[in-house]
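Just below is one structure, and these are the notes that go with it.
Residue numbers start from 1 in every chain, and the chains themselves are labelled A, B, ... in the order their sequence lines are given, proteins ahead of strands. Just so you know, these numbers come straight off a predicted model, no measurement behind them.
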2 protein chains.
Amino acid sequence: MARIVMKFGGTSMAGSERIRRVANIVRRQQAAGHEVAVVVSAMAGETDRLVNWCREANPLYDPAEYDVVVASGEQVTSGLLALTLQALGCQARSWLGWQMPIHTVEAHSKARIANIETDALLAAMAAGEIAVIPGFQGLSDDNRITTLGRGGSDTSAVAVAAAIGADRCDIYTDVDGVYTTDPRIVARAKKQEFVTYEEMLELASVGAKVLQTRSVSLAMKAGVRVQVLSSFVEDGVPADDLPGTMIVSDEEMAAIMESRGMEAQLVTGIAHDKNEARVVLTRVPDRPGAVSLIFGPLAEAGINVDMIIQNVGRDKGETDVTFTVPLADLARAQALLEDRRGSIGYNRIVVDAKIAKISVVGVGMRSHAGVAATMFQSLADRGINVEAISTSEIKISVLIDEDETELAVRVLHSAYGLDAED
Amino acid sequence: MARIVMKFGGTSMAGSERIRRVANIVRRQQAAGHEVAVVVSAMAGETDRLVNWCREANPLYDPAEYDVVVASGEQVTSGLLALTLQALGCQARSWLGWQMPIHTVEAHSKARIANIETDALLAAMAAGEIAVIPGFQGLSDDNRITTLGRGGSDTSAVAVAAAIGADRCDIYTDVDGVYTTDPRIVARAKKQEFVTYEEMLELASVGAKVLQTRSVSLAMKAGVRVQVLSSFVEDGVPADDLPGTMIVSDEEMAAIMESRGMEAQLVTGIAHDKNEARVVLTRVPDRPGAVSLIFGPLAEAGINVDMIIQNVGRDKGETDVTFTVPLADLARAQALLEDRRGSIGYNRIVVDAKIAKISVVGVGMRSHAGVAATMFQSLADRGINVEAISTSEIKISVLIDEDETELAVRVLHSAYGLDAED
């Protein structure tokens, strides 16, 4: 017997028929003798509908009231899943964020889970009741509904799994695992049996939208075993037989590889991200503090700056500063920087929304040289121009022309030997 | 300065544009110096949508989970109205049923309000904040969401008004007051300035769907002054100038009439109701307890029996029993009675769904004879056959053929001198 948290996303919860499919998957886990808690998202499209109403009501909306409105989406699906499970003969009940409660801190609409009271929940689960928990929501110190920000349901699931000491947190999505790259671009992309937390973090943060980044770092910190699998399976397949991707620690990965007599993969995946834009400020004075005049205000405005490259400029004492921001924040970032042109002291601002970020990720990079060289050579061979580079311990990212995204992904997927065999 | 509860129904809350209109009406009351709490329904159609999902999930749904799902509709509109009021520069916040809390007792999906904690609410209102309260919902003893049953938002508004000692509870609807009869049938129907609680109760229970019956009896019991008015007014009309209908006690009504040198009206209104069906059981044994064999099981099944008439049958020791049930429950009632034919011992069951109940209502009847005679004479003059009669202290109801509903209403409206002058 194991204690399992299962999480289902909005596509899996969209409508009565799909909720019934989810209920069947959940029931099979319980029938296998496991204690089960289920974390659910709102129906696909519902959160957008609610957010839209908030915007129409008040463009500068109060995040506390925004939370009251948008949290209702998960409230509905948790009640409906409990009802559907009951119809299948299971004992089930919903536990809303304020009922458990899931205590959160910090701002409304982007709250952080502080702690979860689990006594009543665990007692109910031990008595054979399936706990259905709306994702994305919690309770503030002053007794009001909070939400965790978009994609927060993955985080809820991992946090609940950590709080109740679950053996596993199964995240059911509309893909059936983590692939070496986007299968819509590379037909020969392979589903991975295992990836490490850190690889998953890098993949998530560079646009492989399987899991929400926060949930992965929480899982790593709390040591929660996370499995990614598909909720779109045929009825009747035993859930334990579903081949998903398990996210494991470095040590576990090393042990698995050793037991199979294999070495760690150099590269686990190739990710791409078209939702960034590049900003170049030319001829910024090269003096202490100059850079903080640029990035301080952007951070205050909540604009997430990713790659930062400083080039030596044409003239001494000046430098070009290049960085990327989310495409959705580009206009705001540009306005803000133009506003501060005087204090920053740059010459020109050049923006480019038609770029893509391509990243190769793999823990094996740590111990192997040559991964970067292979990347640059493969891209150069196909005439793809690299416009900026940034690296971490287990990732190399390059900016390229957006039109060359698919080509670059395919070239790199082959170059690192990731193509599946026939 | 007064303390006012304002309640807006689903039609008034259906969409951003209408919520903005509601917010403007609320703001005007606050601008006039009043402390304001607003009770809101879900957007029109939303509760039906949610109920439908519950039925699809589980036809025999668990009322506790049903409540989780359907209460979300009012949660959404309360958050949206708070946001919209803020956009107009008002301070406002939502107070969900579990936050105040509104303690309820008895069954889920048809809970009854036991008491309301108002300290925090009153402090916020005194500080100039508009309190927005989702109608229809409360909290059970075991910390779960409850709902009050359909139409429960009127009851929420009156209960909140009673709990906070409001000077007035204004119920905004899609009609602008209580008329002498349905203006769609009688063009000369007059809006009433005042009706008494008891008249309103009789009018509500016989199909004049302005206010929910429970809310009127609660208002009468708690002595809450209720005003019915329209939310569909032109922008810019001061809310205090809106001519609605005020619901008052017998004593207040008498005082008003006296101060105007007028006598109490004999008849206040003519109501009609096509949502009843007639059931006749023929040749029921005329012995003690026979009738309880009929109505006991119907009551247990939650079927509301209205008019009951016992006729002497053809043979001695037998009697025909006639009664009405809601049209929606007719099939269930019929099945139940056929099931118990042996124990009840009737001969035949005859049902008729094509009937209408016409009622004349007025406190003046108490002290005046002849109201019933006028009714029967007027109907007879037009050849309308009366199939059953029932009376209360301030109401006379007759059953007639459904096709004659409009004719009967017009005839009676004239007969009692209710037609407005040109």
So which part of B:I19 gets closer than 4.5 Å to some heavy atom of chain A, the side chain, the backbone, both or neither? neither

Name the region of B:L96, side chain, backbone, both or neither, that has any atom closer than 4.5 Å to a heavy atom of chain A. side chain

Indicate the atoms forming the closest heavy-atom contact of [X] with [Y], along with that distance.
X: A:A57; Y: B:L80; result: CB-O, 3.8 Å
X: A:V76; Y: B:S72; result: CG2-OG, 3.1 Å
X: B:A87; Y: A:N58; result: N-ND2, 3.3 Å

Option in A:T84, A:L83, A:V69, A:I145 with maximal non-hydrogen atom pairs under 4.5 Å from chain B: A:L83

Looking only at heavy atoms and a cut-off of under 4.5 Å, which of A:R20, A:E17, A:R49 has the most pairs with chain B? A:R49

If you round to the nearest 0.5 Å, how far is CH2 of A:W98 from CG of B:N143? 5.0 Å

Can you tell me how far the CZ atom of A:R144 sits from the CH2 atom of B:W95, to the nearest 0.5 Å? 8.0 Å

So do A:S78 and B:E65 actually touch side chain to side chain, heavy atoms under 4.5 Å? no

Within 6.0 Å of CG in B:D141, more than 12 heavy atoms from elsewhere: no

Check for a donor-acceptor pair, side chain of A:Q75 on one end and backbone N or O of B:V68 on the other, with a separation under 3.5 Å. yes

